[in-house]
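In this chain, residues are counted from 1 in sequence order.
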Amino acid sequence: MAFAGRILRQVRTKEFRDYLMSTHFWVPVANWFLPLAAVIDFWYKGPDIISPKMTTALCIYSVLMMRLAIKVKPATIPLTILACHFSNASIQLVQLGRAAKFALD
């Protein structure tokens, strides 16, 4: 119960509210929509709608952002960004494979 009380006190502080209204919170949250959208496309849409150029661009973007996340210090938030971009690069490579297989068939 004491742990829950400490969390509630922390959430009610001005510093926490300021953090929630900053880009340090919302950019990593928004970045997770890239792999989420790719997974939804993988499950529900056919390979005929995949754009190889856009998928390649998203792969390159995610690889560059992974490199940046590794270099940023301190490494607390960048680990979540690294995980996000690793997930995105992985699913985009799967999508690129689907598009290539569709083009060859």
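Summarising the geometry, atom CH2 belonging to Trp32 is positioned 10.5 Å from atom CD1 belonging to Ile81; distances are rounded to the nearest 0.5 Å. A distance of 12.5 Å separates NE2 of His85 from OG of Ser90, quoted to the nearest 0.5 Å. Remark: Asn88 CG to Leu93 CG distance equals 9.5 Å, nearest 0.5 Å. To the nearest 0.5 Å, atoms CG (Leu96) and OG1 (Thr56) are separated by 4.5 Å. Atom OG of residue Ser62 and atom CD1 of residue Ile91 lie 11.5 Å apart, to the nearest 0.5 angstrom. Separation of atoms OG1 (Thr55) and CD (Gln95) is listed at 6.5 Å; rounding is to 0.5 Å.
Pairs of residues two or more places apart, or lying in two chains, never qualify as salt bridge (Lys or Arg N to Asp or Glu O under 4.0 Å) while including a residue from residues 88-105. Residue pairs that meet the salt bridge (Lys or Arg N to Asp or Glu O under 4.0 Å) test with at least one member in residues 30-42, sequence neighbours left out, are Asp41-Lys45.
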Is there a side chain to side chain contact (heavy atoms under 4.5 Å, CB included) between Tyr61 and Leu64? Walk through the geometry before answering. CA-CA 5 Å; Tyr61 163 75; Leu64 290 174; 6.0 Å; no
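Side-chain contact between Ile50 and Phe102 is absent, with no heavy-atom pair separated by less than 4.5 Å.
Considering all non-hydrogen atoms of both residues, Cys84 and Pro35 come closest at O-CG, 3.9 Å.
In the hydrophobic cluster analysis, where Ile, Leu, Val, Met, Phe, Trp and Tyr join through side-chain heavy atoms closer than 4.5 angstrom, Leu36 is grouped together with Val94. Linking ILVMFWY side-chain heavy atoms closer than 4.5 Å, directly or via other members, places Val27 and Phe33 in two distinct hydrophobic clusters.
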